[in-house]
Amino acid sequence: MRFDELDLEDEILDGLYDMNFSEMTPVQEHTIPVILSGRDIIGCAQTGTGKTAAYTLPLLNRLLIEGNPDNVIKSVIIVPTRELAQQIDQQFQGFSYYLPVSTTVVYGGGDGKGWDVQKRGMLLGSDVVIATPGRMISHLQNSGIDLSHVECLILDEADRMLDMGFSDDIMKIVSYMPKERQTVMFSATLPPKIRELAKTILRNPAEVNIAISKPNEAIDQSAYVCHESQKLGIIRELFAEPTDSKTIIFSSSKLKVKELAHTLKRMKLNVAAMHSDLEQAQREEVMLAFKNNKINILVATDIVARGIDIEDIGLVINYDVPHDPEDYIHRIGRTARAAATGSAITFVSEDEQGKFHQIEKFIEREIRKADLPESVGEGPRYAPAENRGRGGRGRGGRSGSGSGSGRGGRDRGGRNRRRGDKNPENAPAAVPVEAAASAVSADNDHASGRGEGNRGSRDRKRRHRGGRNRRRGNKPQEGGTPQPAE
């Protein structure tokens, strides 16, 4: 189904056209009409399936039609991490290029200036507030923020927020909102605690399930069954020859991440480490360098296991077996995005065989066991029944969350940057439904403000019809058409 078959305003269709998005993904096709109708909905889908656009486009359509003459907060999006909040804000920038819509991003950490920017953005009456729970609670208690006019509440990655201990914070935030509102909830899984939350805050919701907790079929999965002491040798063999493909190596330990990055740097490889000991500015610098091909190997904890949208990652290596099957799906979901293919390799020590077998049972397939490189010697036999390991979930506790910035008008200079980064959230319908979302361990939820722009005009004036003319096969007016996405 095509986007132009939906009852969306022309300004939104213009933005989609310029960004080269025409066909909807399955999750968009099933949820956008329901959200446009004003009904509550609970969707089970993972990042990479197009869920951000699934709720962003109907929300923008509603804001464009209704306007915001009273300059109040009209909608709130609650997410677990600052990275996801920033990513959603970038989506809004692209989709709302022809719309007079303002957003404020709210997440924790940084300095007093960042706090003031967030506060000012919300008090001015932002159309959309994208926030992490802890930081939003702080503003509600200290900044006099008014949520009594909110007409739409969106909870993204609800399961992750509950895992991080944000259930009470979510209910606290909801208590500041009117009961008569539309509520949209997206979750990668639908365990009983999510259904209980949905029952509490949603009204007669529609339910959509898209490829729950299954890896993308385009990912070539394999494993090395090895001793713990052999893992570093396998890494050296895998990267003995330089590769142009981007790679993420995941480890559950910050210490191992630092050691691995050091080892690969000594091999003269373009590598960087990503873990919670880095300051926010350092993390953003590393991710930008990775995205722009200045580094091609990222060694990371699960801080980037969810929701980092970089399309051309060819290989994911699990240096340690993840704590649970869903973590495995989120990790390997970093590759084979936007109709591409990719590989995922997992190192399985004797103590980790039990956990790895649980992953195989969860995804209902046996993962191919590759032969070890000759240089590392023989590995152990794969006998998970005998080597159950310690297993278990091992989730982190919750910490403070979110920081951000008010942003009214958009920076037109950033348009080409936005459109040069084609986000798989909105890839064509041929994109396989893949398992991935964004998350940061709870102790990483700090950040700083990014500045505040001017608020967009409220008069809903159609500022540009060039995309509409091109979309409908007409010749655009001379001088009236901005450059298409590059």
Side-chain angles (χ1 to χ4, degrees), residues 215 219-240 247-267 269 271 273-276 297-306 313 315-335 342-396 435 439 441:
I219 303 173
D220 177 27
Q221 302 175 63
S222 62
Y224 284 116
V225 180
C226 58
H227 298 292
E228 184 69 30
S229 59
Q230 293 174 311
K231 289 183 177 181
L232 200 55
I234 300 172
I235 286 287
R236 289 194 179 98
E237 287 292 329
L238 289 175
F239 294 98
T247 300
I248 298 182
I249 305 175
F250 283 109
S251 175
S252 301
S253 160
K254 287 185 289 185
L255 180 60
K256 286 183 183 177
V257 165
K258 295 173 184 177
E259 290 176 347
L260 279 169
H262 180 69
T263 297
L264 293 170
K265 284 178 181 177
R266 292 182 64 182
M267 295 171 63
L269 297 172
V271 62
M274 173 70 82
H275 48 77
S276 61
I297 301 174
L298 185 67
V299 187
T301 58
D302 283 317
I303 192 171
V304 294
R306 298 188 181 213
I313 297 171
L315 174 63
V316 169
I317 297 175
N318 292 309
Y319 192 84
D320 303 307
V321 175
H323 289 301
D324 61 40
E326 288 174 14
D327 287 339
Y328 174 81
I329 291 171
H330 292 311
R331 284 186 182 185
I332 71 171
R334 299 301 91 212
T335 189
S343 300
I345 301 173
T346 303
F347 297 173
V348 186
S349 69
E350 288 175 288
D351 285 346
E352 297 171 311
Q353 290 187 16
K355 288 192 294 185
F356 190 70
H357 184 58
Q358 289 302 313
I359 291 171
E360 292 181 308
K361 289 172 62 178
F362 185 76
I363 65 175
E364 298 177 344
R365 62 174 288 186
E366 183 177 344
I367 297 171
R368 175 172 57 88
K369 311 304 185 295
D371 293 333
L372 293 176
E374 291 185 6
S375 61
V376 303
E378 290 189 12
R381 182 171 61 94
Y382 185 59
E386 302 171 14
N387 302 296
R388 294 187 179 276
R390 289 177 291 274
R393 290 186 62 89
R395 295 281 189 188
S441 56

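Summarising the geometry of Tyr319 relative to Leu232, their closest heavy-atom pair is OH-N, 3.5 Å, with the distance given to 0.1 Å. Taking every heavy atom of both residues into account, Asp320 and Arg331 meet most closely at O-NH1, 3.0 Å. Of all heavy-atom pairs spanning Pro380 and Val225, the tightest one is O-CG1, 3.5 Å. Across every non-hydrogen atom of His275 and Lys254, the tightest pair is CB-CG, 4.0 Å. Closest of all the heavy-atom pairs between Thr335 and Ile313 is OG1-O, 2.5 Å. Pairing each heavy atom of His357 with each of Pro384, the nearest pair is CB-CB, 3.5 Å.
Using a 4.5 Å heavy-atom threshold, the side chains of Phe362 and Ile329 count as touching. Between Val376 and Tyr224 there is no side-chain heavy-atom pair separated by less than 4.5 Å. Between Asn318 and Ile332, some side-chain heavy-atom pair lies under the 4.5 Å cut-off.
From Glu360, atom CD reaches atom OH of Tyr382 across 3.5 Å, with rounding to the nearest 0.5 Å. In this structure, the separation between CD1 on Ile345 and CZ on Arg368 is 8.0 Å, given to the nearest 0.5 Å. Separating the CD1 atom in Ile359 from the CD atom in Gln221 is a distance of 9.5 Å, to the nearest 0.5 Å. How far NZ of Lys231 is from CZ of Phe347: 8.0 Å, rounded to the nearest 0.5 Å. The distance from atom NZ of Lys256 to atom CD1 of Ile249, rounded to the nearest 0.5 Å, is 13.0 Å. Ile367 contributes atom CD1, which lies 10.5 Å from atom CG of Asp220 (distance to the nearest 0.5 angstrom).
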Step-by-step side-chain contact (heavy atoms from CB on, under 4.5 Å) determination, Phe250 to Asp327 | CA-CA 11 Å; Phe250 283 109; Asp327 287 339; over 6 Å; no
Could you give me the CA-CA distance, side-chain angles and deciding distance for Val271 and Phe239, then say whether side-chain contact (heavy atoms from CB on, under 4.5 Å) is met?
-> CA-CA 11 Å; Val271 62; Phe239 294 98; over 6 Å; no
Given side-chain contact (heavy atoms from CB on, under 4.5 Å), test Ile234 with Cys226 step by step and report yes or no.
-> CA-CA 9 Å; Ile234 300 172; Cys226 58; 4.0 Å; yes
Begin with the C-alpha distance, continue with both residues' side-chain angles, and end with the deciding distance and a verdict on side-chain contact (heavy atoms from CB on, under 4.5 Å) for Leu264 and Val299.
-> CA-CA 9 Å; Leu264 293 170; Val299 187; 4.0 Å; yes
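Not a single donor-acceptor pair under 3.5 Å links the side chain of Ser343 to the backbone N or O of Leu315. Of the possible donor and acceptor atoms, one in the side chain of Glu352 sits under 3.5 Å from a partner among the backbone N and O of Val321. In this structure, Gln230 contributes its side chain and Ser349 its backbone to no donor-acceptor pair below 3.5 Å.
In Lys361, the NZ atom is not crowded: 12 or fewer heavy atoms of neighbouring residues, nucleotides or ligands sit closer than 6.0 Å.
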